[in-house]
Amino acid sequence: MFLDTLADHCRNQPDKVAIQFVNSPPITYGALQSTVNRTAHELLALGIQPGDRIAVQLPKCMPFIYLHLAAAQIGAIFLPLNPAYPMTELRYFLADSSARILFADRQKQPEIDTILPELPALESLAFIDSADSWEARVASRSSEWSAPLPTDPDQTAMMLYTSGTTSRPKGALISHGNLTANIRALHRAWGWRDDDVLLHVLPIFHVHGLVVALHGALHAGASTFALPAFDAAAALELLCSRRFSVFMGVPTMHRRLHQLAGGRRFDLSHLRLMTSGSDRLPDDLFFGYQKTFNVTLLERYGMTETGMNLSNPLNGERRVGSVGKPLPGVSARVVDPATDTPMPDGEVGEVQISGAHVCMGYWQQPQLTAAALTADGWLRTGDMGLREPDGYYTLKGRAKDLIITGGLNVYPPEVELVLMEHPAVAACAVIGCPDEEWGEQVLAAIIPRGGADADEAEICAFCRGQLAPYKAPRRVIFVDELPANALGKIQKAKLRADICG
Ligand code: MCA
């Protein structure tokens, strides 16, 4: 399991830097293990049992990482939450997961106090000011750990919420076996090495930043240098410093780096691996990167329920517009989504995935879990694509109603539900309009309620009160009608074509 490999590195190279946050002292593998052990003892002292959900809504910081690894160590379920979630969303995640404890930023305390009466299962709250305060808090606990590490591959390690096209967000259950399978596959495919140095700029409440990037480096016994948030200028300067060998980003980050270069050339070819994921990499950016940075970005494809599925090769052709081939241990196929019948190469169908990395299902949602899988156990990704005769896959859109903005998924029904609560909204449809920087921008088309005052800024602000800012519409347009088919279902493709061109 992934914890065993990490324990080996901590034992064998205790003085090597594991993680360093900018402007903070480096944390060695030995120190990482000691504080994780202390944190695990602290969780036990707080009464946390195996299987309990530990919710963490913290900025990117060391305590987040300690809590994640310590939760796994004691067999609890780590539930990371985007710090941008407002209280309405936080309340939903805490209630749905019946989290036993919440670790949150001290600054959020007054707001969180207001939702506590509605969260009977939440027994404890811990507010954290800084990495130092966490280390001081656990300092009296033992730095040793003698209990066995979890061995059951089916034991849940993490719960990651992902929205649905017809349902409220659901918690995908990621097991120790899922994580281990995924990290091992990426190691083989991307040739992770112990002398790698990763520049980490991604958020860590998602698979990309937490599993693909951070676990990738930890599993290799490599070193990570972390920025608490993406900053294109700082990142470009660091990338040029020749200190790093690996960098991972979403297309919006790569776009900003490319724009920052402003036509100047920077040779970043000393990096042995620069990847792009979480959204489609536009062709112009792929070629722009080659020209500006002398780097061919490696595009790969994953999802919350699986971690990584497909990847362009480390050595060999990184094909523009393609997400490459199945990772080691991953099976992929393209099917007719109506019948789950495999399609011939070159024809577009739904991409389906199977392997030891596919999640265990959704928290307390047996029906949604069953619906996500075919009769023979393939995960329906909801992504459309085709397989070339030489095995490369290309994605061709989505079967599901999903917007990706800046590498984050937004499910229109979630936004539409909020909009329908606004008194000036009679009907609405939320779509993603293409955008060079963000990939897509969230747009709401609204039929105003007769006589009600409808104001774009006010409606956007209303949504921001209830949804994380990235989910709230950036633009609202008022329409007299929404295109619908004979059954009354809104035709989003037509709406997109009419509005976004
Ligand atoms: C920030 N804003 C956004 C987004 N992020 N709006 C839409 N989409 C977003 N993703 C808003 C802010 O609230 C702010 O609004 C305005 O945009 C500008 O903020 P700015 O400071 O420029 O943005 P930022 O903080 O620099 O964030 C941009 C970002 C960030 C760095 C690209 O979105 C990001 O870290 N994205 C990566 C997401 C990620 O890791 N996804 C992986 C998911 P205002 O000013 O109006 O308040 S895992 C996954 O998808 C699978 C498994 C996979 O394959 O990887």
Side-chain angles (χ1 to χ4, degrees), residues 59-60 80-86 158 160-163 172 174 178-179 182-183 186 200-216 226-235 247-260 275-281 285 298-312 323-324 327 330 351 353 357-359 379 381-383 395 398 402-411 415 430 432-443 456-457 460-461 463-465 467-475:
K60 185 174 172 183
L81 295 165
N82 187 337
Y85 287 143
M158 291 203 295
L160 298 177
Y161 272 90
T162 160
S163 292
I174 318 290
N178 295 152
L179 283 175
N182 214 230
I183 298 162
L186 289 173
H200 193 301
V201 298
L202 289 153
I204 50 175
F205 51 81
H206 270 307
V207 165
H208 196 166
L210 187 62
V211 179
V212 187
L214 186 63
H215 273 287
L227 299 183
F230 178 69
D231 170 341
F247 179 79
M248 297 179 184
V250 301
T252 301
M253 294 172 175
H254 291 302
R255 177 70 72 191
R256 288 187 185 176
L257 287 168
H258 186 250
Q259 279 170 348
L260 187 65
T275 70
S276 180
S278 307
D279 194 6
R280 195 186 166 276
L281 178 65
L285 193 52
L298 180 152
E299 186 174 4
R300 76 346 173 244
Y301 160 69
M303 59 191 292
T304 299
E305 285 88 339
T306 59
M308 299 303 101
N309 297 315
L310 305 165
S311 174
N312 274 282
V323 287
L327 285 163
V330 173
V351 177
I353 296 292
H357 66 309
V358 175
C359 76
L379 180 83
T381 64
D383 288 312
L395 299 182
R398 299 162 200 139
L402 165 69
I403 300 166
I404 305 183
T405 172
L408 293 171
N409 292 358
V410 178
Y411 285 83
V415 187
V430 168
C433 271
D435 181 88
E436 185 178 82
E437 180 180 6
W438 298 96
E440 288 178 302
Q441 287 261 30
V442 179
L443 180 144
E456 177 174 14
C460 290
C463 291
R464 276 180 173 239
L467 296 164
Y470 71 89
K471 296 182 186 174
R474 292 267 143 180
R475 269 177 66 204

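For ligands, and for the atoms within them, numbers begin at 1 and follow the listed sequence. FYI, side chains are in, hydrogens and waters are out, and symmetry mates aren't considered; it's all heavy atoms of this structure.
With hydrogens and angles disregarded, a donor-acceptor distance shorter than 3.5 Å links the side chain of K60 to the backbone of L227. Checked by atom type and distance alone, the side chain of H254 pairs as donor or acceptor with a backbone atom of T275 at under 3.5 Å. Put simply, the side chain of E299 gets close to the backbone of L281: a donor and an acceptor are under 3.5 Å apart.
Under the 4.0 Å distance rule, the nearest protein heavy atom to atom 15 (O) of ligand 1 falls inside the cut-off. Distance remark: protein heavy atom present below 4.0 angstrom from atom 47 (O) of ligand 1. Protein heavy atoms come within 4.0 Å of atom 37 (C) of ligand 1. Atom 50 (O) of ligand 1 is flagged as protein-proximal [any protein heavy atom, distance under 4.0 Å]. Atom 21 (O) of ligand 1 is not flagged as protein-proximal [any protein heavy atom, distance under 4.0 Å].
To the nearest 0.5 Å, the span separating CG on N409 from OH on Y470 amounts to 8.0 Å.
Across A172 and E305, no two heavy atoms sit closer than the pair CB-CG, 4.2 Å. In terms of heavy-atom proximity, T252 sits nearest to G406 at OG1-CA, 3.2 Å.
In this structure, the side chains of N309 and L327 stay at 4.5 Å or more apart for every pair of heavy atoms. Annotation: side chain of I204 is not in contact with side chain of P80 (no heavy-atom distance under 4.5 Å).
Counting protein heavy atoms only, atom 30 (C) of ligand 1 is closest to G406 O, 4.4 Å. Looking at atom 45 (O) of ligand 1, its nearest protein heavy atom turns out to be R464 NH2, 4.9 Å. Nearest protein neighbour of atom 52 (C) of ligand 1, counting heavy atoms only, is M303 C, 3.5 Å. Nearest protein heavy-atom contact of atom 13 (O) of ligand 1 is P469 CB, 3.4 Å.
Taking any N or O of Y470, backbone or side chain, none lies under 3.5 Å from an N or O belonging to ligand 1. Backbone and side-chain nitrogen or oxygen atoms of T405 are examined, and one is located within less than 3.5 angstrom of a nitrogen or oxygen of ligand 1. For a threshold of 3.5 Å applied to N or O pairs, the pair formed by G407 and ligand 1 contains at least one separation below that value. Note: an N/O pair closer than 3.5 Å links R474 and ligand 1 by distance alone. At least one N or O atom of R256 sits closer than 3.5 Å to an N or O atom of ligand 1. For ligand 1, the polar-atom distance check against V250 finds no nitrogen or oxygen pair separated by under 3.5 Å. On a distance-only criterion, T252 and ligand 1 share no N/O pair closer than 3.5 Å. Residue Y301 has no nitrogen or oxygen atom sitting less than 3.5 Å from a nitrogen or oxygen atom of ligand 1, judged on distance alone.
Taking a 4.0 Å cut-off on heavy atoms, G209 fails to register as neighbouring ligand 1.
Contact atoms of ligand 1 toward G302: 54 (O) (distance under 4.0 Å to a heavy atom of the residue).
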Apply side-chain hydrogen bond (donor to acceptor under 3.5 Å, both in side chains) to T306 and H357, showing your working.
-> CA-CA 6 Å; T306 59; H357 66 309; 4.7 Å; no
Evaluate the salt bridge (charged side-chain N to carboxylate O under 4.0 Å, His left out) criterion for residues E440 and R475: first the C-alpha distance (whole Å), next the side-chain angles of each, then the deciding distance (0.1 Å), finally the verdict.
-> CA-CA 12 Å; E440 288 178 302; R475 269 177 66 204; over 6 Å; no
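Checking each of R255, R256, R474 against E437 for a salt bridge (charged side-chain N to carboxylate O under 4.0 Å, His left out) leaves exactly one that passes, namely R256.
Contacts of K471 with ligand 1, taken as heavy-atom pairs under 4.0 Å, are absent altogether. Contact annotation for S278 and ligand 1: heavy atoms of both the backbone and the side chain come within less than 4.0 Å of the ligand.
Counting heavy atoms only, W438 comes closest to atom 4 (C) of ligand 1 of the residues W438, F230, F205.
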